[in-house]
Amino acid sequence: VFRKRAGATIVSTRPQRIAERTEAQKQQAQKFRDASHYAVKVLKDPIVKDAYALRAKEGLTAYNVAVADYLIVPDISLVDFSLYDGSKGSTLTIRAQDDHLVSEVYMSIYGTDGTLLEEGPATPHENGLDWVYTTKKASTPVQGHRLEVQASDLPGNQAQRSEVVN
């Protein structure tokens, strides 16, 4: 088997399959096929291709970065509700990260009885790390409110996190 990587030709033996694949291996192989299909499709857009190419480290291509982006789900590491007092205009800060970029963060706020009080998209913070959701209406008291956050990346992977205001 001959491969070209970063201008060098790599020669290796053909891999040998000994046993039938397990169900988990079949599912992982399907994920890689889907990731490859995604990469080929989105790299037809020159703007997206350039964005992925900028993230490619030495020896990698925009295709490699796009495949990895498809396989890696965003992470919501923080939901800061310290400034949330239930008044209109209160802010909630969300830290959501991805290997490439988080394309959207969406906030839903539920009352203590489980009813949806409000929802909407958060906006990127100027620090480039966080997202900020600003409440549209007043809702007090806030203790016991459930905050549901959803972060999405370019391929559509979604992460969710739930916090209860105490």
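Here the closest non-hydrogen pair linking S108 and L116 is CB-CD1, 4.0 Å.
With sequence neighbours left out, Y106 forms a side chain to side chain donor-acceptor pair (under 3.5 Å) with no residue at all. Remark: E163 engages R161 in a salt bridge (charged side-chain N to carboxylate O under 4.0 Å, His left out) (not counting sequence neighbours). Shown here are the side chain to side chain donor-acceptor pair (under 3.5 Å) partners of H100, two or more places apart in sequence or in another chain: there are none. Legend: residues meeting side-chain contact (heavy atoms from CB on, under 4.5 Å) with T9, ordered by chain and number and at least two apart, are F2, K4. Remark: A138 pairs with no residue by the side-chain contact (heavy atoms from CB on, under 4.5 Å) rule, at least two apart or across chains. Looking at residues two or more places apart in sequence or on another chain, you find no salt bridge (charged side-chain N to carboxylate O under 4.0 Å, His left out) involving E119. Take K31 and apply the side-chain contact (heavy atoms from CB on, under 4.5 Å) test, not counting sequence neighbours, and it matches Q28, L71. Considering only residues two or more places apart in sequence or on other chains, A62 meets the side-chain contact (heavy atoms from CB on, under 4.5 Å) condition with L43, K49, Y52, A53. Partners of Y38 by ring pair (Phe, Tyr, Trp, His ring centres under 6.0 Å), not counting sequence neighbours, listed by chain and number: Y70.
Counting only residues at least two apart or in different chains, salt bridge (Lys or Arg N to Asp or Glu O under 4.0 Å) contacts with residues 105-115 are absent. Residue pairs meeting the salt bridge (Lys or Arg N to Asp or Glu O under 4.0 Å) criterion with at least one partner in residues 137-148, sequence neighbours excluded, are R146-E148.
Counting non-hydrogen atoms of neighbouring residues, nucleotides and ligands closer than 6.0 angstrom, the CG atom of L54 exceeds 12 such neighbours. The number of heavy-atom neighbours closer than 6.0 Å to NZ of K136, taken from other residues, nucleotides and ligands shown, is above 12.
Between the side chains of D85 and S90, at least one donor-acceptor pair of N or O atoms lies under 3.5 Å.
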Report all side-chain donor-acceptor pairs from residues 120-127 shorter than 3.5 Å, counting only partners two or more places apart or in another chain.
{"residue": "T123", "atom": "OG1", "partner": "V132", "partner atom": "O", "Å": "3.4"}
{"residue": "H125", "atom": "ND1", "partner": "N127", "partner atom": "N", "Å": "2.9"}
{"residue": "H125", "atom": "ND1", "partner": "N127", "partner atom": "OD1", "Å": "3.4"}
{"residue": "N127", "atom": "OD1", "partner": "L129", "partner atom": "N", "Å": "2.7"}
{"residue": "N127", "atom": "OD1", "partner": "D130", "partner atom": "N", "Å": "2.9"}
{"residue": "N127", "atom": "ND2", "partner": "D130", "partner atom": "OD2", "Å": "2.9"}

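The CD atom of Q158 sits 9.0 Å away from atom CG of D153, with the distance rounded to the nearest 0.5 Å.
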